[in-house]
Each structure stands twice: as C-alpha cells, then as structure tokens.
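Okay, structure first, notes after.
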Protein chains: 2
Amino acid sequence: MVSNAPDPNPIPDIPEEIAGLRMTRQRQEIYRILIEQRNHPTANEVFMRAKDRLPNISLATVYNCLEALVQHGIIRQVNFERESSRYCPNLREHGHFHDASTGVIHDVDFKPGVNLADVLDLPPGAVIEDIEITLRGKLVAP
Amino acid sequence: MVSNAPDPNPIPDIPEEIAGLRMTRQRQEIYRILIEQRNHPTANEVFMRAKDRLPNISLATVYNCLEALVQHGIIRQVNFERESSRYCPNLREHGHFHDASTGVIHDVDFKPGVNLADVLDLPPGAVIEDIEITLRGKLVAP
DNA sequence: AACTGTAATTGGAATAATTCTTGATATCGT
DNA sequence: ACGATATCAAGAATTATTCCAATTACAGTT
C-alpha cells in the first residue's frame, strides 16, 4: 500500500510537470537519482537506489518511469554492446567513452562547429534522427 | 548424426584457416553467408540461412561460430539499441546508418583523413580500442 | 588405417534483461 | 465526492544469449 499522506521529505527542485510529462512521486525520485549521481546507472541500479526513499517501488515501475522520461526527451538511454541499458540526464548531443579498466563511462562532447556530415560519408538523402557514438578503451597517464 | 563423408558441395574460396582460426565446415558456411548477402543478419537469420546447406546445424553453433569469427577479427558484431546483435563482414572502420523506414542498414565510411580526436572532446589520456557509431533516420529523395 | 588428445558441435536447460498482464491505487476534472 | 483515466505493483512471460554435458570431428602420431 502506498501512502497518500503528504510526503514528509519532498524532493526539491523537480517541478510537477516536465516536457508535458506529469512528474509523479516515482518519476521525480528516479529523475533525481539520475541527476544527483551521473554515473550512467542501469535500471536495476536505479531501482536499488530508489528503494531508499520509496521502499515499495517495483522494478517494473522503474522501467516504466525510465521509459516515460526517455520518451519525453527528459533523459537519454545509452546502450553498450548488449549490456543492460544505462540512463543519462545529459541532453547535450554527446557520445560516451567506456573505460574498460575501471568501467567508468565518460560523456564525450563534440568539438565546437563539428558537423557529422563533414566527417561521415552518409548515404545520399540521409536525414539523421538519432546518433549513438560509443568508444571503448583505456585511460593512460598523459 | 553428422556425416563424415567428403562434402559433395564444397564451399569455394574460403580457406581452411583465417587469422589463425581453423575454418570448420560450419564456420565456412556462416562466413560465406555473411559475405554473400551483406545485409547485417542476426544470429537467427544466419541460422535459418545456414540450414539450407547444413540441415543439422544448431543455433548454439551459429552463436559459437559467430563469436569465434568476431574474436579473430574476421567479422564484426554490430548492435542497435538493445536489438539482437547483427553481423557484418566489412572490416573497414565504419559506422552504420539504420533507415527506420525500410529497416535497411547502410555501412557508413569515414571521409578520408578524418581523425576522431579532431571532432570529439576525448578525456585526456584516452586510448581508443573500439568505436561504434550508429545513426538512425530516414532516406529522403535528394 | 587405428589411436589419442583436443577442439568443435549439438540439443536442451539455464540465465538475464526487459516487457506484458492484471488488479489495485492515485490523480484530475467535474 | 464521483467517475474517467493514468499510474503503479507484483509476478508471469518473453527473448536473446549463454551454459552444460554428451557426442562427434579433426590433426598428429604411429
């Protein structure tokens, strides 16, 4: 049973609606988790962290909320090979560098003024709707 | 039971060993399938095509062979979102454009002289071992 | 050609991430 | 408060892939 009493520990700074999506308690919490610690967690990692504040939340709800947030362009879903999807609140167009030694995932921005069509030999008439750039490697001392 | 009689219909043009990998009948067949029709099939699609010539082949073997070929750098594994992995015999460094209207996947080469470090703001000391660039969109009349 | 050790194949069971389904709960507009 | 709609929870179902154990094929040696 979920309490309908006013939340004794309200989440600051997250409005009741974002991009047309009603931000329920669960969606707020999940979005806050992604913003607070931007380490590209999986759905299951989000689930574990969400239970601190919402002990009754279910994994299905985490998936539902993440999908709703993705659908409304509030967060991004990131895939590495066929591993679990990871989630990222960074909306800038960017790629990811996966450090194979540590497992850490770094956001990678495009350098200013770069246009993909300048570097890729796209098929004629191609209209890009989504880009996913993932790099895997190591970080070595410079 | 698998026949050990000489194959009445040998596969042309595929040597007995590639890149240190012994090319068994199954590996030859799977490699030939990827070369003959370069439409980035899934493991299951490869399986269905392989059964024409190797009626007893198992899906596990298809996975085993594909993995062996990937491990030895003979083919590449390509992932789109969290869909089934697809396989590609094109070893040039390239990305993929997924036409959402038709489902067709196009190989996308880099323009000559392009260096990723020129366009991406990589973390200092990053040594890239693998790149995956996937684009999704539509092809429109030019 | 038989023998031996190793590698590959097979078929089915197991796994893991995700999605689906159904009933309960909450929210919004009236 | 009331009904309509959206959301949530719990567990079952699905799907791609991997694992496992038993069989089969192969390469090298005799």
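Numbered from 1 within each chain, the chains take letters A, B, ... in sequence-line order. Just so we're clear, the structure is a prediction, and the values are computed from it rather than from any experiment.
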A:Y63 vs C:dT19: side-chain N/O to OP1/OP2 distance below 4.0 Å
no
Closest nucleotide among C:dG11, D:dT17, C:dC20 to the A:A60 side chain:
C:dC20
Considering every strand and a 4.0 Å limit on heavy-atom distances, what is the contact class for A:T24: base, sugar-phosphate, or nothing?
sugar-phosphate
Atom pair distance, as rounded to whole Å: CG in B:N56 and C1' in D:dT23
13 Å
Select base, sugar-phosphate, or nothing to describe what A:T61 touches, counting heavy atoms under 4.0 Å on all strands.
base
Indicate whether OP1 or OP2 belonging to D:dA16 is found under 4.0 Å from a side-chain N or O atom of B:S85.
no
Output yes when a side-chain donor or acceptor of B:E132 lies under 3.5 Å from a complementary backbone atom of B:N79, and no otherwise.
yes
Could you tell me which non-hydrogen atom of A:R22 sits nearest to which non-hydrogen atom of A:R27, and how far apart they are?
O-NH1, 2.8 Å
Side-chain atoms of A:R27 come closest, of D:dA16, D:dT7, C:dG11, to D:dT7
How close or far is atom C1' of D:dT15 from atom CZ of B:F47, stated in whole angstroms?
15 Å
Can you measure A:K51 atom NZ to D:dA9 atom P for me and round it to whole angstrom units?
12 Å
Under a 3.5 Å distance rule, please check whether A:R49 uses its side chain to pair with a backbone N or O of A:I33 as donor and acceptor.
yes
Sorted by position of nearest nucleotide on DNA chain D, 5' first, the leading residue of B:E83 and B:R22 is B:E83
Tell me the interatomic distance from B:N79, atom CG, to C:dA17, atom P, rounded to whole angstroms.
15 Å
Position toward the 5' end of DNA chain D (nearest nucleotide), B:E16 or B:L59:
B:L59
Value in whole Å for how far the P atom of C:dC20 lies from CG of A:N64:
10 Å
Nearest whole Å is fine: how far is D:dA6 C1' from A:M23 CE?
15 Å
Can you check side chain to side chain contact (heavy atoms under 4.5 Å, CB included) on B:L122 and A:L135, steps first, answer last?
CA-CA 10 Å; B:L122 294 172; A:L135 312 168; 3.4 Å; yes
Just to be sure I understand the rule, does A:T42 reach a base, reach only the sugar-phosphate, or reach nothing, if contact means heavy atoms closer than 4.0 Å?
nothing
Just to be sure I understand the rule, does A:N44 reach a base, reach only the sugar-phosphate, or reach nothing, if contact means heavy atoms closer than 4.0 Å?
nothing
Would you mind reading off the distance between B:F80 atom CZ and D:dA16 atom P, rounded to a whole angstrom?
16 Å
Please tell me if A:Q26 has a side-chain N or O lying less than 4.0 Å from either OP1 or OP2 of D:dA9.
yes
Using OP1 and OP2 only, check whether a side-chain N or O of B:R82 sits under 4.0 Å from C:dT18.
yes
Would you please classify the geometry between the A:F97 ring and the A:H106 ring as parallel, tilted or perpendicular, with 30° and 60° separating the classes?
tilted
Provide, to the nearest angstrom, the distance between the CD atom belonging to A:Q71 and the P atom belonging to D:dA6.
16 Å
